[in-house]
Every structure is written in C-alpha cells, then in structure tokens.
Protein chains: 4
Amino acid sequence: MQSRSSAPRTGRTGRPRSAEADEAILAATRAALVELGWSGLTLGDVATRAGVAKTTLYRRWAGKNELVVDAVAVLFDELELPDRGSLAADVEGVVLQFAGLLERPETKTALMAVVAESTSDAVLRDRIRSSIVDRQKRLVTEGRARAQARGELPTESDPETAARGSDLIFDVIAGAVVHRCLVSSKPVDTDWARDFTRLLLSGLTAISPA
Amino acid sequence: MQSRSSAPRTGRTGRPRSAEADEAILAATRAALVELGWSGLTLGDVATRAGVAKTTLYRRWAGKNELVVDAVAVLFDELELPDRGSLAADVEGVVLQFAGLLERPETKTALMAVVAESTSDAVLRDRIRSSIVDRQKRLVTEGRARAQARGELPTESDPETAARGSDLIFDVIAGAVVHRCLVSSKPVDTDWARDFTRLLLSGLTAISPA
Amino acid sequence: MQSRSSAPRTGRTGRPRSAEADEAILAATRAALVELGWSGLTLGDVATRAGVAKTTLYRRWAGKNELVVDAVAVLFDELELPDRGSLAADVEGVVLQFAGLLERPETKTALMAVVAESTSDAVLRDRIRSSIVDRQKRLVTEGRARAQARGELPTESDPETAARGSDLIFDVIAGAVVHRCLVSSKPVDTDWARDFTRLLLSGLTAISPA
Amino acid sequence: MQSRSSAPRTGRTGRPRSAEADEAILAATRAALVELGWSGLTLGDVATRAGVAKTTLYRRWAGKNELVVDAVAVLFDELELPDRGSLAADVEGVVLQFAGLLERPETKTALMAVVAESTSDAVLRDRIRSSIVDRQKRLVTEGRARAQARGELPTESDPETAARGSDLIFDVIAGAVVHRCLVSSKPVDTDWARDFTRLLLSGLTAISPA
DNA sequence: AAGTAAACGAGACGGTACGTCATGTCTTACT
DNA sequence: AGTAAGACATGACGTACCGTCTCGTTTACTT
C-alpha cells in the first residue's frame with residue numbers, strides 16, 4: 001500500500017525519479033519539524049537539508065500539507081499492540097504508546113496542523129485518513145478480537161454494528177489521549193492511563209468507588 | 001472577564017482606543033476564517049475587512065494566533081447545560097451542542113490550528129487554556145454535581161480526586177467529539193451521541209449487549 | 001522634466017517614498033551593469049547592492065527594462081556641444097563624445113539590449129525615445145543652427161523640412177557611431193571621426209580625392 | 001559556407017547526426033523569435049517546436065546566442081545588389097532591401113539582442129562578425145566597384161585606404177538604417193531612402209538647396 | 001479655549017518564503 | 001554513438017504577507 005505523491009510514473013521513458021531523494025526529503029521534513037515546528041518549516045529549507053532542489057520536491061508533493069502527512073505517517077506505523085494478558089493492560093499499553101508518539105515534537109506539531117488544514121481541504125482530509133487514521137484502527141480491532149477470545153468482551157455478530165463500535169472506541173481512545181496531550185497539555189502517565197482505562201472499561205458510574 | 005491583548009491602558013492621556021474597532025476586528029476575523037480558512041487568513045485582509053489600519057490591529061494583538069484565539073473564544077461561551085433530567089440526557093445534550101459548535105467553519109478551522117501552534121508556544125498555550133478550555137470545564141463540574149444530587153453518581157469527598165476525575169471526563173468527552181468531527185470527519189448525530197453516552201456511562205464491557 | 005517610474009504619487013497620505021532609495025537603486029543598477037552586463041544583471045542583486053528590498057524596487061519600476069532605461073538615461077545628458085568654431089570641428093567633437101559614452105560598459109551593454117527588447121514592447125519603445133533618444137536631438141538642432149549662423153549651411157525656411165533633415169542627420173551620425181562601436185567593434189578614434197565628418201559634409205563623391 | 005556549431009563530425013562511428021534536425025531547429029528558432037521575441041524565447045520551447053530533444057540542441061550549439069546568430073544569419077544572405085544603372089539607384093535599392101529585412105520581427109528582435117550580448121562576449125562578437133556583418137560588406141565593395149566602372153566614383157589605388165573607405169560607408173549605411181528602424185522607430189520608405197542617398201552622395205552642405 | 005498625547009488611516013519599508021520557470025547536465029532505454 | 005524523454009541542481013523570477021516605520025490627521029482628556 002503506497003501513499004506516494006501525485007503520479008508515481010506516467011510513461012516509461014526518461015530519467016527515473018531518484019528513490020533516495022524521496023526518503024531524504026521525508027527525513028529532512030521530520031528533522032525540520034523538530035527544529036522549527038510546523039509554521040517555521042519551509043519547503044526551501046527542507047530541500048536544502050535533503051540536498052535536493054526545490055523543484056524535485058514540488059515534482060513529488062503538491063505542498064507543505066501533503067509532504068508533512070507523508071513524513072509523519074510512517075511514524076504511526078510503529079505503534080504495536082503486544083498481548084499483555086488482559087484488556088485493561090492492552091488498553092493501558094496502547095494509550096501509553098500513543099502518548100509517547102504524541103510527545104515527539106515532529107508529531108505533536110504536525111498532526112494538529114494538518115488536521116486544521118484538512119478542515120478546508122477535502123483531498124487532504126482523505127489523504128490523512130488513508131495514510132494515518134484508518135491504518136491505526138487495526139489496533140482497536142485486534143485488541144477487541146483478543147478480548148473477545150479471552151471472554152472479556154461479548155462477540156458481536158453484526159459486522160456493521162461491530163464496525164460502528166470499533167470506530168467509537170477508536171475516537172474515544174485517540175481523542176482522549178490527543179486532547180489530554182495537546183489541548184489540556186498535561187502528561188499522559190501511568191496514573192492517567194489507569195484512570196482512563198478504568199473509565200473506558202467500566203464507565204462513569206463505576207469510577208469513583210474504586 | 002476580558003481577554004484583551006497586551007495592555008488595555010497604560011497612561012490616561014491621549015486619544016482612547018476605539019471600542020468599535022475591537023469588535024469589528026474580531027468579527028472580521030471570524031468572517032475571514034469562514035471564507036479563507038486558517039492558512040488563508042492574513043492580518044492585512046482582516047484589517048481591510050474591519051475598515052481599520054494594520055497598525056491598529058498590531059497595537060492590540062501580537063499576531064494571528066492571539067487574534068484568532070480571542071475571535072473564537074467567545075463562541076465557546078455559548079455552550080450551556082440545560083437540565084434534561086438525567087445524566088445520560090445531559091451528556092447527550094452537551095455532546096450535540098459541542099458538535100454543533102465544531103461544525104461551524106470558523107471554529108473547526110481555527111481550533112486545531114491554534115492548538116497546533118501552541119505546541120511550540122507556551123504563552124499561546126496558556127492563552128488558549130484560560131480563554132477557551134478551562135472555561136468549559138464548568139459544564140463538566142456542573143453536570144457532575146447535578147448527577148450527584150440526583151444520586152446517579154457517588155459523591156467524591158477528596159477535592160483533588162474530584163478535580164482529577166473532572167479533568168479526565170472533560171478530556172474524554174471533548175476529545176472524542178473533536179476526534180470524531182475533525183479527524184475521522186464523520187457526523188456527530190443523535191445515534192453517535194447515544195452510543196458514546198452509553199459507553200461513557202457504562203463502559204466497554206456493557207456496550208454490546210445493549 | 002522627470003522620467004519617474006509608474007506613478008510618482010497617487011494620494012498624499014501614507015509614508016512617503018524614500019528619495020534616497022531612488023538614486024541608490026539607479027547607481028546600483030549602473031554598477032551592476034558594469035560588472036555583470038545586461039544578461040547577468042538581476043533585480044535581486046540590484047536591490048541588495050542598493051541596500052533596499054526587492055519590493056521597493058518593484059514598487060517603482062515595472063521590470064529590468066524600465067529600470068535600466070532610467071539608470072542610463074542620465075548618462076546621455078552629459079553630452080554637450082561646445083562651440084569649436086566650425087561645423088566640421090563640432091561634428092568631430094560630438095562624434096568623439098558620443099563614442100566615449102558608448103565605450104563605457106554600462107551604456108554599451110544596456111543600450112542595445114533595451115532597444116532589442118523595445119522591438120516587441122511599445123511602451124518601452126516610447127520610454128526609450130522620450131528618456132534618451134529625443135533628448136539628444138538638441139545636439140543636432142543646436143549644431144545646425146550654429147552652422148547656419150556661421151553661413152556654413154543654408155537656412156531652411158519650412159519647419160517640417162527642417163525637422164526631417166535634423167532627424168536624418170541624427171540617424172546618420174548616431175547610427176554610424178553605434179554601428180562602428182558595437183557592431184563592427186572597431187574604435188572611433190580621431191582618424192575615423194575625421195573621415196566620417198568629411199563624408200558627412202561633402203558626400204561620397206568627394207571623399208577619395210582628399 | 002558553414003555556420004555549423006562546435007564540430008561537424010569528429011569521429012566516424014555511431015549514429016550519424018540527423019541533417020533534418022539542424023534545419024528544423026533553426027526554423028523553429030525563427031518561428032519562436034517571431035512569436036515570443038528574444039527574451040521570451042527558450043531553448044526548451046525551440047526543442048519542442050522542432051520535435052527534438054533538448055540534448056540534441058545543446059550538442060550542436062553552446063546556447064541561445066549562438067543558436068540565434070545561426071538562425072538569422074541565413075536571412076541576411078538574401079540581400080542582393082541588382083544593377084539599377086546608377087550609384088544613387090543602387091544605394092536606394094540596398095537601403096530599402098536592408099530595411100525590409102529589418103522589418104521582419106525575427107531579425108529586428110534578434111539582431112540588437114545578440115549585439116547587446118556580444119558586448120560582453122568576445123567569441124560571440126567574432127561569430128556575429130563572421131556570420132553576418134562581414135558577409136554583407138560585399139554589397140559595398142560590389143556597388144563601389146560598379147560606380148567606379150561607371151565613372152561615378154574615383155578609383156582608389158591604395159588597397160588599405162580603399163578598405164577603410166568601404167568600412168566607413170558600410171557603417172554609415174547600415175548604421176543609419178538600423179538607427180532609423182529600431183531606435184527612432186520610423187519607417188524607411190522611398191522618401192527617406194532618397195533623402196538619405198542624397199546626403200550620402202553629396203554631403204550635408206548640399207542637401208537643403210536641392 | 002488651548003495644549004498635549006496617544007490613537008488613527010494610509011502606505012512605504014526591509015525581509016522572507018512562495019511556487020514557477022529556464023538553464024544546462026544527467027540518466028535511462030531505444031535506435 | 002546518437003536519440004527522445006524527462007529528472008536533476010541551480011538560481012532568478014515576480015508576488016504576497018510579515019511586522020515595523022513614518023507620515024499627517026483626529027480625538028479625547030487635561031490645564
């Protein structure tokens with residue numbers, strides 16, 4: 001599955017595009033994001049860092065938004081869901097992993113910015129969804145299946161209902177972590193992860209007495 | 001309570017600042033956000049729309065970020081929490097209200113953008129928190145107190161634990177709605193609000209059988 | 001008489017244009033022409049040399065052509081026609097003076113270039129004519145009047161015929177010197193000036209026997 | 001007669017150069033000059049028009065200047081000097097012919113431009129001289145010889161003096177026509193040609209009374 | 001009523017980045 | 001080896017905004 005820019009190859013003649021350039025540009029983009037943040041990042045600077053001409057960059061990506069999406073998308077693929085033996089432990093694990101990813105300056109500054117831009121750019125919105133968001137739903141479906149196998153969660157027969165449930169769980173987990181990190185700007189530590197997990201599993205009515 | 005820019009008034013002599021200009025600028029900012037989005041918004045354009053000189057604008061706000069925070073902050077104060085008789089109904093109500101706010105183009109494009117900028121700007125972060133975020137926590141504390149009065153939720157004696165709980169609930173509700181709206185870009189309708197409320201109140205283990 | 005750029009002043013409000021900037025830019029343009037020649041001259045470089053922003057330059061001139069015309073026009077005003085006592089001496093004098101001007105690298109490289117561009121740009125053509133060419137016709141009319149006063153040339157009663165004659169003489173003198181200098185690229189020395197003057201005054205049929 | 005670029009043929013192996021490509025490129029260059037003028041002409045566009053790769057073009061010419069010199073040089077070879085029976089008629093004829101050539105957009109825009117470039121490029125200067133200028137001196141020497149045979153002009157015994165005279169006449173005729181056409185931008189019609197010829201043959205002192 | 005001090009509109013200023021274009025070189029596969 | 005196609009590094013282009021500045025003007029509070 002490829003998230004390459006506009007058109008990978010049209011014809012077969014002519015000098016082929018440099019494969020090294022692609023990775024150099026994405027790495028330079030991440031480095032620039034760390035140093036300069038989203039609004040300080042310029043495509044000219046990225047090109048210089050990558051040892052590449054600005055034209056090469058514009059030949060592959062339409063602009064800053066698209067480039068950054070591709071540059072950070074790969075980081076999200078690092079997320080894993082090791083089996084920790086229980087649903088609660090799995091949720092805590094993924095929450096902490098996701099928070100760790102959001103603490104990295106390149107993701108923290110880039111993610112909200114591209115989401116903001118995507119509110120007025122449908123193409124970008126699709127790109128974000130296909131390159132970043134949808135790919136991480138695997139964590140939810142996998143964790144849920146595991147919990148069902150353990151008997152911690154009931155099996156859902158209707159596939160559509162199952163999908164709606166997964167979407168909801170995904171929005172709640174990802175949304176809560178993002179909001180805690182970036183909006184409330186408070187740390188996602190083990191205490192918070194435990195509190196959150198308890199709320200998620202047992203609901204509001206059960207949190208206080210515990 | 002005012003979130004005026006740098007210094008409202010230092011001396012007492014000289015021509016006083018125009019009060020109309022302030023509101024004209026904020027209204028122009030919101031209008032420009034709707035038409036152009038965050039990245040298309042320029043301060044020169046805002047000044048023109050407001051019928052004001054650029055200098056007047058810079059005399060009051062330090063830059064685009066600060067201006068937009070002030071311009072959208074007031075919109076969040078519209079949120080209310082009418083008593084609907086039960087905790088579930090109150091949660092559903094606030095979720096739908098919040099979602100309605102996020103559907104408006106000026107908030108949707110502005111909120112994520114300033115949050116993104118705030119990741120590398122502590123002053124802006126504080127401004128967002130004091131002008132927008134913290135002021136809406138009243139909805140959580142109010143709703144919670146009401147539920148406790150109804151006996152739907154246990155009373156929390158330790159005030160620190162109570163605050164931690166409110167923060168968590170706030171991050172979960174606001175985060176889930178924002179994520180659903182802006183990242184997953186799917187509608188927050190009554191169905192979703194009901195599903196989310198059930199999850200929030202009863203927890204994961206209880207959602208499917210219902 | 002001013003050959004200022006587009007619009008000298010439209011309104012009376014706002015910060016007035018820097019008068020120093022104008023002269024600094026024209027001087028920088030001449031210096032850059034000497035060092036780099038026409039095709040090597042860039043507006044960015046001129047701006048840097050003049051200690052001025054590129055925008056300031058574009059605010060005053062529409063492009064390279066217009067700027068260079070203004071920059072070299074003033075040099076042509078240095079030409080004078082001191083009375084040397086006879087028509088032949090006056091012609092020789094002005095030929096050598098004009099040749100001296102054309103030897104300067106800033107004029108030599110600029111003049112032909114802007115003339116070349118003017119072949120496909122009517123506005124530029126008029127600008128060249130009014131800023132440079134027509135202003136030097138004074139040399140011809142003055143020299144001719146002086147010769148008529150001396151009795152070396154017959155007086156022309158019809159003003160239109162007189163104008164046609166002056167135009168012709170101007171084209172022949174200026175054209176010959178320019179062609180000798182820039183196309184044939186041979187020196188315009190006193191020998192050549194004497195030969196040319198004899199041809200101009202007495203015609204082809206008389207040159208060889210002398 | 002060869003105005004080929006770098007080297008016609010060095011080795012004998014490999015695929016031979018396409019002979020058609022050469023003429024296609026020169027024709028495309030002339031067409032592009034007409035449409036776009038000197039500064040609008042690009043080598044990439046010429047290559048496209050000629051149905052040729054840019055590489056092919058660069059293999060044969062060093063750059064825009066050289067290419068254009070070759071493209072327009074051939075046009076100047078069209079000039080002829082039919083015997084019209086008298087020196088005055090011959091001069092008038094060649095003046096009108098030359099003016100007709102200079103009215104063509106490809107020559108008008110190209111000639112001055114390459115001359116301008118040649119002021120800072122000695123190699124180009126030589127190329128222009130050998131490809132264009134010197135080849136047209138034949139018109140002067142031929143016309144002069146014809147006039148001498150008719151007895152209209154005295155015979156010049158010293159060959160060096162004769163050459164100096166021809167150079168001078170050439171500069172005066174060519175210079176005057178070029179200046180009239182391109183600098184004064186007024187038409188070279190039969191009236192002007194007659195006036196100019198009378199001045200050239202009889203000199204200043206004789207023009208008015210006629 | 002006159003004086004004073006700051007805010008006001010207008011717009012020029014030095015900068016920086018933009019996204020495009022042309023140059024001249026190169027790499028590939030084909031002839 | 002010559003070719004068409006097209007990617008490449010380089011660097012100028014002309015534009016748009018930035019945030020600051022310099023004007024001349026307006027508007028309130030002082031004396």
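Worth saying up front: this structure is predicted, and the values here are computed from it rather than measured. Letters go in sequence order (proteins before strands), and every chain restarts at 1.
When the C1' atom of F:dT3 is taken as reference, atom CD1 of D:Ile25 falls 12 Å away, rounded to whole Å. Note: CH2 (B:Trp61) to P (F:dC18) measures 15 Å, nearest angstrom. For A:Leu67 and E:dG19, the CG to P distance is 11 Å, given to the nearest whole Å. One can place OH of C:Tyr58 at 15 Å from C1' of E:dG15, the figure rounded to the nearest angstrom. Remark: P of E:dT25 and CG of D:Leu57 are 12 Å apart, rounded to the nearest angstrom. Atom CD of C:Glu20 and atom C1' of E:dG14 are 15 Å apart (whole Å).
Across all strands, D:Gly51 comes closer than 4.0 Å only to sugar-phosphate atoms, never to a base (heavy-atom distances).
For the pair C:Asp70/C:Arg127, a side-chain contact is recorded, criterion being any heavy-atom separation below 4.5 Å from C-beta on. By the 4.5 Å heavy-atom criterion applied to side chains, D:Lys64 and D:Glu117 are not counted as neighbours.
Residues of residues 36-50 of chain B that place a heavy atom closer than 4.0 Å to DNA chain E do not occur. At a non-hydrogen distance threshold of 4.0 Å, nothing from residues 106-126 of chain C comes into contact with DNA chain E.
B:Asp45 pairs by the salt bridge (charged side-chain N to carboxylate O under 4.0 Å, His left out) definition with B:Arg49, not counting sequence neighbours. Looking at residues two or more places apart in sequence or on another chain, you find a side-chain contact (heavy atoms from CB on, under 4.5 Å) between B:Ile128 and B:Val69, B:Val114, B:Ser118, B:Leu124, B:Val133. Taking C:Arg30 as the reference, C:Glu23 meet the salt bridge (charged side-chain N to carboxylate O under 4.0 Å, His left out) condition, with sequence neighbours excluded.
Once rounded to the nearest 0.5 Å, the distance linking NZ of B:Lys108 with CG of B:Leu33 reads 13.0 Å. Expressed to the nearest 0.5 Å, how far CH2 of D:Trp38 lies from CG of D:Asn65 amounts to 4.0 Å. The CG atom of B:Leu36 lies 6.5 Å from the CG atom of B:Leu41; values are rounded to the nearest 0.5 Å. How far OG1 of B:Thr29 is from CG of B:Leu57: 6.5 Å, rounded to the nearest 0.5 Å. In this structure, the separation between CZ on C:Arg125 and OG1 on C:Thr119 is 7.5 Å, given to the nearest 0.5 Å.
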Revision key, fill the gap. A correct 5'-to-3' footprint of nucleotides 25-31 of chain F, with B, S and - meaning base, sugar-phosphate only and no protein heavy atom under 4.0 Å, is -BBS-S-
Practice item. Test C:Ile25 against C:Trp61 for side-chain contact (heavy atoms from CB on, under 4.5 Å), laying out the working first. Key: CA-CA 10 Å; C:Ile25 292 170; C:Trp61 287 277; 3.7 Å; yes
Exercise for review: Applying side-chain contact (heavy atoms from CB on, under 4.5 Å), run through D:Val72 and D:Leu26 and close with a yes or a no.
Suggested key: CA-CA 8 Å; D:Val72 302; D:Leu26 294 177; over 6 Å; no
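Put simply, A:Arg59 has a side-chain N or O that comes within less than 4.0 Å of OP1 or OP2 on F:dC8. For F:dA4, the OP1/OP2 oxygens have a side-chain nitrogen or oxygen of D:Thr56 closer than 4.0 Å.
Minimum atom distance to the side chain of A:Thr55 is reached by E:dA22, of the listed E:dC8, E:dC13, E:dA22. Of the candidates E:dC8, F:dG19, E:dT25, the closest approach to any side-chain atom of D:Lys54 belongs to E:dT25. Distances were taken from every side-chain heavy atom of A:Arg17 (C-beta onward) to each of E:dC13, E:dG9, F:dC8; the shortest belongs to F:dC8.
In terms of position on DNA chain E, the residue among A:Gly63 and C:Ser18 whose nearest nucleotide sits closer to the 5' end is C:Ser18.
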